[in-house]
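Written below as structure tokens is the structure these notes are about.
All chains are named by letter (A, B, ...) in the order of the sequence lines, taking the proteins before the strands, and each is independently numbered beginning at 1.
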Number of protein chains: 2
Amino acid sequence: MKVSTKGQYATRALLDLALHQDEAPVLLKHIAQRQKISLSYLEHLITPLIAAGIITSTRGPRGGISLARPPEEIGLDEVVQLLEGAISLVECVGNPKVCTMSQSCATREVWDELRQAMMGVLKSVTLRDLMERQREKENATEIMYYI
Amino acid sequence: MKVSTKGQYATRALLDLALHQDEAPVLLKHIAQRQKISLSYLEHLITPLIAAGIITSTRGPRGGISLARPPEEIGLDEVVQLLEGAISLVECVGNPKVCTMSQSCATREVWDELRQAMMGVLKSVTLRDLMERQREKENATEIMYYI
DNA sequence: ACTAAGTTGATAAAATTAGTCAACAATATA
DNA sequence: TATATTGTTGACTAATTTTATCAACTTAGT
Ligand code: FES
Ligand code: FES
């Protein structure tokens, strides 16, 4: 029961993009370097984000990627679902047919409640929230140095 | 991001055990049949449950397994953690060393909140709750038949 | 003794994850 | 227009995890 590297990396990449975005598109290469993610791998993570209208891309020199919407309108639920697939912890939550007797299975309800709880958290966190948290964290560590 | 069959099956097996328990130990074979789980596989799922003191086993003829505690004292969090490992959706939540820069990573916080939300749900559901839900569900379908 | 159970470890097929590589397409700019 | 720069796509592969199966072993009741 893990979030795969795809979900993790994509989230970090988006946060990185949001933090470094100002006018000019951001280079994939730079995101990869800053986040220590293989560029070749990152390329594949970007594709679904473009398709979903979360980021836009520009090719050629001075190209790169940019957020397609303001960060407060990008929820983590969208990102995670895109990269990890539907958040149903067990198959029969989204697709009851896979289990015979699913109409009277009490455990299935629990997995669904789990799904709802996760969705609740993910929906409540937007890219903007992440940016703020990140800045707070960085301030905190700077203060540490200062002391 | 799935609960593996280990977690699912173990939960169903425990619920089945709880529902069929009265005095005599319950045969693994019967649980396997009712739940349509391979017996050979089920055997491996119950081992950790025994080790964790959730069930007890009796060997030999008239043997089987029984709950080691009343069902209201068995939380799903315990079961799931046992079969799926620690509920940390990403490695660095439980083990910050795996990510350089983890001290100032905002995404990590989210994965931890996700963990807490899941734990909250799982902790709130005991085997007793599952039993009640299951009985309600079965009543509901019986009424359906009656109509 | 014999049989009915649970226990354990080795092994393996299947699926998923994580990643690489190379060819390709688009575009700014010299 | 030539070229360098950037993103796009698909094929491929290694590693890991999941999902089992099988056989040998242990324990206990009759
Ligand atoms: S219906 Fe799928 S596990 Fe019960
Ligand atoms: S610290 Fe592990 S993903 Fe950020």
Discussion item. Using heavy-atom distances to pick each residue's nearest nucleotide on DNA chain D, tell me which of A:Ile65 and B:Glu84 is more 5'.
Written reply: A:Ile65

Worksheet item: Only one of A:Glu136, A:Glu132, A:Glu138 forms a side chain to side chain donor-acceptor pair (under 3.5 Å) with A:Gln134, so which one is it?
Response: A:Glu138

Worksheet item: B:Ser40 near the nucleic acid: base, sugar-phosphate alone, or nothing, with a heavy-atom cut-off under 4.0 Å?
Response: base

Worksheet item: How is A:Val3 classified with respect to the nucleic acid when contacts are heavy atoms under 4.0 Å: base, sugar-phosphate, or nothing?
Response: nothing

Discussion item. In whole Å, I'd like the distance from the CG atom of A:Leu45 to the P atom of C:dT20.
Written reply: 12 Å

Discussion item. Tell me the interatomic distance from A:Tyr41, atom OH, to C:dG19, atom P, rounded to whole angstroms.
Written reply: 5 Å

Discussion item. If we count only N and O atoms by modelled type, under 3.5 Å, do the side chains of B:Asp112 and B:Gln116 hold a donor and an acceptor together?
Written reply: yes

Worksheet item: Going by atom types only, do B:Ser4 and B:Tyr9 share a side-chain donor-acceptor pair under 3.5 Å?
Response: no

Under 4.0 Å from OP1 or OP2 of [N]: is there any side-chain N or O of [X] that close?
X       : N      : answer
B:Tyr9  : D:dA20 : yes
A:Thr58 : C:dA26 : no
B:Ser57 : C:dT7  : yes

Worksheet entry | B:Leu27 side-chain proximity, nearest of C:dT7, C:dT27, C:dA5 | C:dA5

Worksheet, complete the sentence: Side-chain contact check for A:Ser38: nearest option of D:dT5, C:dT20, C:dG6 is C:dT20

Discussion item. Whether the side chain of B:His44 and the base of D:dT19 hold a donor-acceptor pair under 3.5 Å is what I'd like checked.
Written reply: no

Practice prompt. Report the C-alpha separation of B:Lys137 and A:Glu109 in whole Å, then their side-chain angles, then the decisive distance to 0.1 Å, and conclude whether the side chain to side chain contact (heavy atoms under 4.5 Å, CB included) test is met.
Written response: CA-CA 11 Å; B:Lys137 285 225 151 214; A:Glu109 292 185 355; 2.6 Å; yes

Response to the item:
When B:Arg59 and B:Met1 are each assigned the nearest nucleotide of DNA chain C, the 5'-most assignment goes to B:Arg59

